Colleague: 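Shown below is the structure under consideration.
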Amino acid sequence: MHRWSEAFIPTLREAPADAEVASHKFLVRSGYIRQLAAGIYSYLFLGNRSFNKIVAIVREEMDRIGQEFYLPALHPRELWEASGRWGLMGENLFRLKDRKGADLCLGMTEEEVMTSIALKDLRSYKQLPQIWYQIAPKFRDEPRPRSGLLRVRQFMMKDAYSFDIDAAGLDVSYKKHYDTYCRIFDRCGLKYMVVEADSGAMGGKESHEFMVRTPAGEDQIVSCDGCNYAANLEKATSRLEPWGDLAPEGDGKPLLVHTPGQKTIEDVAKFLGVSPKNKIKTLAYMAEEKDEKTGKTKLRGVVVLMRGDHQLNEAKLNGAVGAPTRPMEESEIKALFKSPAGYLGPVGIEWARDRKKDADKPVLFVDKALEGRVNLIAGANQEDYHMKNLTPGKDFHPTAYADLRAVTAGEGCPNCSLSLRIDTAVEIGHIFKLGYRYSESMGARVLDKNGKEVMPIMGCYGIGIERILTAAVEQSNDENGFWLPASIAPFEVVVSPVNVKDEAVRAAAEDIAKQLEAAGFDVILDDRNERPGVKFKDADLVGIPFRITVGNKVTEGTVELVLRSTREVRDVRITAVVESLRELLGRTG
RNA sequence: CGGGGAGUGGCUCAGCCUGGUAGAGCACCUGGUUCGGGACCAGGGGGUCGGAGGUUCAAAUCCUCUCUCCCCGACCA
């Protein structure tokens, strides 16, 4: 039996000065974790117990659909060069050299390692499908570690990879993971939601993120209370009013208009007596395009056209570009548009028709809200002049139309008619269809039924173990501490004798703790010679969902059962303690 | 990397502006009294003031450099 008097549970009365978010404060105060360096934490007794319970749940559920591996964290450079990620990952990859001077890195994910195994030992469609996973530390040299365990440089990740013979097979593997993730997070007692996600620059089609709403999160999610629509802000869309209603006026013949001193969208719209919805917003960016093979970066102009009253979503832009972007500097704007800012427009510039083929020309992305519109107004690339009656595709030629608009709260749901809400959330899991990216670059091939060589199609699926704990703490805390779902709490119940010097109380507590342990509960006995207040404060702080208070009512054969989440106190006969807890935990004897 | 803030016993912080040889609360150790929501009394231990250099008779305090940590932005488990 675990005794508090012998356990190392260094609780703190005050939160450390450098903790900002609730989970960080409480995990430190409760003695779960201690910081070693920025984004690097040690898990102490309680933290590790909780951690292990989460891992056990993840493992148990994953074992139903896949096979657990144990893979190295230390990877040779060549492996990452084969996939092209040695150059692509940049500073986020921890790199080191061995004594011979050979380059190594610490794994951020295991696509390369898994694929290297697949390409050697998967030969036939008969071996597919395969789902391989591991639960192991991952390393990322984050630009900014943050918020306690939320964003760290070393963390435990369950990462899984699926190999299928075709897209239909991948659909099945993907669905298996989707369902498994739901089971895992349900068992961990989290209130989560599943959102459509952006699969990022790495390609791939379908992608879902598992999110827990909390102000401490780093993501913005858009959701509808009326239907099941939910998406990451990076990906979310909303319903637009039909553009026919915007009543554009004009004859479709481009016309230069004098607009002295009218620089902003608002100014111009008012000056010309039209709605900003008829105006084109021209935004200029530079993209840092990276050559996969050489790893060299090259700057390229990227111009974005938005409807006048819309905002650009930079995440969508980065996704569309496939490379990081930054706003153009004054000199770069001058060089491209030959016009001062405030009068920029798309007309008269030769845009790339094809991004790859016309590598020397700037790219023009036009938001989908402008597709099909006519008689629009944009800057004329001439001081004090704008141009009317513009039609995209006729008067200028976009490189591509793309969804680049930022959804704002209150807009219409794309599926139903209700309005959308936006919440901050933390991502605890992410599943996505990788496709052929690694099979192709690393050369994984199997023979299909016809003896033809084909590439296996892959999926990858991650869960952040720390984030489950963090999200659980964020989800359930008050000024005194937090409470975890029994399934992931370090202990399910703490037995707190009010005074260990009172022999009747001490003996009863001891006896109850033994009974609970014998009944299969994870119990800790707070046998410290402390005043009751100290014990109660500690018990409230450390995340244990139930407490048995053993006090002077033992003489009547009664103790108190305290529910941490609601602070409800129930008098329970000593003989009925085990039964009461079983009931609360939904457990049968 | 850009912008902002902070480094003083284990924790939270004062002292710095206006140099004069380090202080409080909590925690810890000993003894005693207490015992249903972070007790009280008495005694005690513990600090290279992040580091290096400089100014000065004298530096936690002023100057220069540097390291670390936190917060805001690009990342995503």
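The chains referred to below are lettered A, B, ... by the order of the sequence lines, with proteins before strands, and numbering in each begins at 1. Predicted model, so just to flag it, every value in this text is computed and none were measured.
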Colleague: Which nucleotide, in any strand shown, forms a Watson-Crick or G-U wobble pair with B/rG37, with both distances under 3.5 Å?
Modeller: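 Answer to the pairing question: none, since B/rG37 forms no Watson-Crick or G-U pair.
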Colleague: Of all the choices, B/rU12, B/rC76, B/rC70, which nucleotide is nearest to the side chain of A/E14 once you look at every atom?
Modeller: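 The nucleotide sitting nearest to the side chain is B/rU12.
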Colleague: Across all strands, who's sitting opposite B/rG2 as a Watson-Crick or G-U wobble pair, both distances under 3.5 Å?
Modeller: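 Checking every strand shown, B/rG2 finds its partner in B/rC72, with both distances under 3.5 Å.
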Colleague: Taking atom C1' in both B/rC28 and B/rG45, compute the distance separating them and give it to the nearest angstrom.
Modeller: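 Looking at atom C1' only, B/rC28 and B/rG45 are 8 Å apart.
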Colleague: Looking at A/R151 and A/E142, is any side-chain nitrogen of the basic one under 4.0 Å from a carboxylate oxygen of the acidic one?
Modeller: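 Yes, A/E142 and A/R151 are salt-bridged.
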Colleague: Which nucleotide, B/rG38, B/rC70, B/rC35, lies nearest any side-chain atom of A/Q35?
Modeller: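 Among B/rG38, B/rC70, B/rC35, the one nearest the side chain of A/Q35 is B/rC70.
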Colleague: Touch check for A/V426, heavy atoms < 4.0 angstrom, all strands: base, sugar-phosphate only, or nothing?
Modeller: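 Answer is nothing: A/V426 stays at 4.0 Å or more from every strand.
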Colleague: Rounded to whole angstroms, how far apart are CD on A/E530 and C1' on B/rC28?
Modeller: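 These atoms are roughly 12 Å apart.
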Colleague: For A/V534 and A/M211, find the nucleotide of RNA chain B closest to each by heavy atoms; which residue's nucleotide sits nearer the 5' end?
Modeller: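 Final value for this comparison: A/V534.
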Colleague: As an exercise, state the distance from CG of A/D527 to NE2 of A/H2, rounded to the nearest 0.5 Å.
Modeller: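 Spacing of CG (A/D527) from NE2 (A/H2) equals 12.5 Å.
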Colleague: Pick base, sugar-phosphate or nothing for A/P16, based on heavy-atom distances below 4.0 Å to the nucleic acid.
Modeller: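 Sugar-phosphate contact only - A/P16 comes under 4.0 Å of backbone atoms but never of a base.
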Colleague: Among B/rC75, B/rG38, B/rG36, which is the nearest nucleotide to the side chain of A/D538?
Modeller: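 Looking only at heavy atoms from C-beta outward on A/D538, the closest nucleotide is B/rG38.
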Colleague: Could you give the distance separating B/rG9 and B/rG50 at their C1' atoms, to the nearest angstrom?
Modeller: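 Between the two C1' atoms, the distance is 15 Å.
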Colleague: Could you identify the nucleotide paired to B/rA42, looking across every strand shown and requiring Watson-Crick or G-U wobble geometry with both distances under 3.5 Å?
Modeller: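 Paired with B/rA42, as far as the under-3.5 Å criterion goes, is B/rU30.
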Colleague: What about A/E234: does its side chain form a donor-acceptor pair under 3.5 Å with the base of B/rC76?
Modeller: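 Yes, the side chain and the base share a sub-3.5 Å donor-acceptor pair.
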Colleague: Could you tell me how far apart A/E20 (CD) and B/rG4 (C1') are, to the nearest whole angstrom?
Modeller: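 That distance rounds to 13 Å.
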Colleague: Identify which nucleotide among B/rG36, B/rG73, B/rG37 has an atom closest to any side-chain atom of A/E560, counting heavy atoms from C-beta outward.
Modeller: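 So the side chain of A/E560 is nearest to B/rG36.
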Colleague: Return yes if the base of B/rC35 and the side-chain atoms of A/D502 contain a donor-acceptor N/O pair under 3.5 Å, otherwise no.
Modeller: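 Check fails, no donor-acceptor contact within cut-off.
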Colleague: To the side chain of A/R151, which of B/rC75, B/rA74, B/rU34 is closest?
Modeller: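 Of the candidates, B/rC75 comes closest.
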Colleague: Base, sugar-phosphate, or nothing for A/A19, non-hydrogen atoms under 4.0 angstrom?
Modeller: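 The residue A/A19 makes no contact with any strand.
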Colleague: Provide the distance between the two P atoms, one in B/rC41 and one in B/rG46, to the nearest whole Å.
Modeller: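 So the two P atoms sit 23 Å from each other.
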Colleague: Return the pairing partner of B/rC16 with a 3.5 Å limit on both distances, Watson-Crick or G-U wobble; otherwise return none.
Modeller: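 In the structure as shown, B/rC16 has no Watson-Crick or wobble partner.
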Colleague: Does A/R29 reach a base, just sugar-phosphate, or nothing at all? Heavy atoms under 4.0 Å.
Modeller: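 Base contact.
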Colleague: Determine which nucleotide pairs with B/rA22, using a 3.5 Å limit on both distances of a Watson-Crick or G-U wobble pair.
Modeller: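 Matched B/rA22 with nothing under the 3.5 Å cut-off.
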Colleague: Considering only atom C1', compute the distance from B/rU12 to B/rG47 and round it to an integer number of Å.
Modeller: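 Straight-line distance between the two C1' atoms is 16 Å.
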Colleague: Starting at CG of A/L36 and ending at P of B/rU68, how long is that distance when rounded to a whole Å?
Modeller: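 Atom CG in A/L36 sits about 14 Å away from atom P in B/rU68.
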Colleague: Of the nucleotides B/rU12, B/rC35, B/rA27, which one has an atom closest to the side chain of A/P532?
Modeller: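 The closest nucleotide is B/rC35.
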Colleague: Could you tell me how far apart A/F8 (CZ) and B/rA27 (C1') are, to the nearest whole angstrom?
Modeller: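 Spelled out: CZ on A/F8 to C1' on B/rA27 is 13 Å.
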Colleague: Please name the nucleotide paired to B/rA60 by Watson-Crick or G-U wobble geometry with both distances under 3.5 Å, or report none.
Modeller: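 Across any shown strand, B/rA60 pairs with none.
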Colleague: Can the ring centroids of A/F45 and A/F8 be said to lie less than 6.0 angstrom from one another?
Modeller: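 Centroid separation for A/F45 and A/F8: 6.0 Å or greater.
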Colleague: Taking only the C1' atom of each, what is the distance from B/rG44 to B/rA52 in whole angstrom?
Modeller: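 B/rG44 and B/rA52 have their C1' atoms separated by 36 Å.
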Colleague: Considering every strand and a 4.0 Å limit on heavy-atom distances, what is the contact class for A/T470: base, sugar-phosphate, or nothing?
Modeller: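 If one applies the 4.0 Å heavy-atom cut-off, A/T470 turns out to touch nothing in the nucleic acid.
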Colleague: Using the C1' atom in both, what is the distance from B/rU61 to B/rU34, to the nearest Å?
Modeller: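 Nearest-Å result for B/rU61 against B/rU34 at atom C1': 44 Å.
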Colleague: With a 4.0 Å heavy-atom cut-off, tell me which residues in residues 41-71 of chain A come close to RNA chain B, sorted by residue number.
Modeller: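 Heavy-atom cutoff 4.0 Å gives no residues at all.
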Colleague: Tell me which nucleotide among B/rA77, B/rA27, B/rC72 gets nearest to the side chain of A/R146.
Modeller: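 The nucleotide sitting nearest to the side chain is B/rC72.
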Colleague: Assign each of A/K537 and A/G39 to its nearest nucleotide of RNA chain B by heavy atoms, then name whichever residue's nucleotide is nearer the 5' end.
Modeller: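 Whichever sits nearer the 5' end wins; that is A/K537.
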Colleague: Tell me the closest heavy-atom pair linking A/F482 and A/S30, and the distance in Å.
Modeller: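 So the minimum-distance heavy-atom pair works out to CE2-OG, 3.6 Å.
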Colleague: Under 4.0 Å, counting only non-hydrogen atoms across every strand here, what does A/K501 touch: a base, just sugar-phosphate, or nothing?
Modeller: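 Base: the residue A/K501, judged by heavy atoms under 4.0 Å, touches a nucleobase.
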Colleague: Quick one: which of A/K553, A/R567, A/R570 gives a salt bridge (charged side-chain N to carboxylate O under 4.0 Å, His left out) with A/E560?
Modeller: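 Testing A/E560 for a salt bridge (charged side-chain N to carboxylate O under 4.0 Å, His left out) against A/K553, A/R567, A/R570 leaves exactly one candidate, A/K553.
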Colleague: Ignoring hydrogens and angles, answer whether the base of B/rG37 and the side-chain atoms of A/D540 contain a donor-acceptor pair closer than 3.5 Å.
Modeller: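 Answer is yes: a donor-acceptor pair is held.
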Colleague: Residues in side-chain contact (heavy atoms from CB on, under 4.5 Å) with A/R187, at least two apart?
Modeller: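 In terms of side-chain contact (heavy atoms from CB on, under 4.5 Å), with neighbours along the sequence ignored, A/R187 is linked to A/I57, A/E60, A/E61.
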Colleague: Can you name the residues that form a side-chain contact (heavy atoms from CB on, under 4.5 Å) with A/E503, not counting sequence neighbours?
Modeller: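 For A/E503, the residues satisfying side-chain contact (heavy atoms from CB on, under 4.5 Å) (neighbours in sequence not counted) are A/R506, A/A507.
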Colleague: Hey, could you give me the OH/OG distance between A/Y43 and A/S50, rounded to the nearest 0.5 Å?
Modeller: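 Here the rounded value is 11.0 Å.
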Colleague: From C-beta outward on A/R13, which listed nucleotide comes closest to its side chain: B/rC35, B/rC75, B/rA27?
Modeller: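 Closest nucleotide to the A/R13 side chain: B/rA27.
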Colleague: I want to know whether A/W132 and A/Y161 have ring centres closer than 6.0 Å.
Modeller: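 No; A/Y161 has its ring centre 6.0 Å or more from that of A/W132.
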Colleague: For the side chain of A/N529, starting at C-beta, report the closest nucleotide among B/rC35, B/rC71, B/rG37.
Modeller: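 That would be B/rC35.
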Colleague: Of the options A/R77, A/R85, A/R437, which is the one that meets A/E112 in a salt bridge (charged side-chain N to carboxylate O under 4.0 Å, His left out)?
Modeller: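 Only one of A/R77, A/R85, A/R437 forms a salt bridge (charged side-chain N to carboxylate O under 4.0 Å, His left out) with A/E112, namely A/R85.
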Colleague: Any N or O donor-acceptor pair linking the side chain of A/R144 to the base of B/rG4 at under 3.5 Å?
Modeller: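 Looking at the base of B/rG4, it does not pair with any donor or acceptor on the side chain of A/R144 (distance under 3.5 Å).
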Colleague: CZ of A/R467 versus P of B/rC75: gap in Å, rounded?
Modeller: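 After rounding, the reported distance stands at 14 Å.
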Colleague: Write down the distance separating the P atoms in B/rC26 and B/rC62, rounded off to the nearest Å.
Modeller: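 Between the two P atoms, the distance is 30 Å.
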Colleague: Taking the six-membered ring for Trp, does A/F155 stack with B/rA77 (centroid gap under 5.5 Å, planes within less than 30°)?
Modeller: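 So yes, this residue stacks on that base, both cut-offs being met.
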Colleague: For the residue pair A/Y181 and A/F210, categorise the inter-ring angle as parallel (less than 30°), tilted (30 to 60°) or perpendicular (more than 60°).
Modeller: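 Ring orientation of A/Y181 relative to A/F210: tilted.
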Colleague: Roughly how many Å is it from CG in A/L317 to P in B/rC75, rounded to a whole number?
Modeller: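 A/L317 atom CG is separated from B/rC75 atom P by 11 Å.
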Colleague: Any idea how A/Y178 and A/H208 line up, ring-wise: parallel (<30°), tilted (30 to 60°), or perpendicular (>60°)?
Modeller: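 Judged by the thresholds at 30° and 60°, the geometry between A/Y178 and A/H208 is perpendicular.
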Colleague: Which nucleotide in the list B/rG36, B/rC26, B/rU12 gets nearest to the side chain of A/A17?
Modeller: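 Of the candidates, B/rU12 comes closest.
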Colleague: What contact category does A/R506 fall into here, base, sugar-phosphate, or nothing, at under 4.0 angstrom with non-hydrogen atoms?
Modeller: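 Since no nucleic acid heavy atom lies under 4.0 Å of A/R506, the category is nothing.
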Colleague: Mind checking the C1' distance from B/rA27 to B/rC11? Whole angstroms is fine.
Modeller: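 Result for the C1' pair: 7 Å, nearest Å.
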Colleague: Across the strands shown, which category fits A/T109 at heavy-atom distances under 4.0 angstrom: base, sugar-phosphate, nothing?
Modeller: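 Counting heavy atoms under 4.0 Å across all strands, no contact is made by A/T109.
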Colleague: So A/D159, base contact, sugar-phosphate only, or nothing? Heavy-atom distance under 4.0 Å.
Modeller: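 It contacts nothing in the nucleic acid.
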Colleague: Measure from CG on A/L541 to C1' on B/rG38 and round the result to the nearest Å.
Modeller: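 Answer to the nearest Å: 11 Å.
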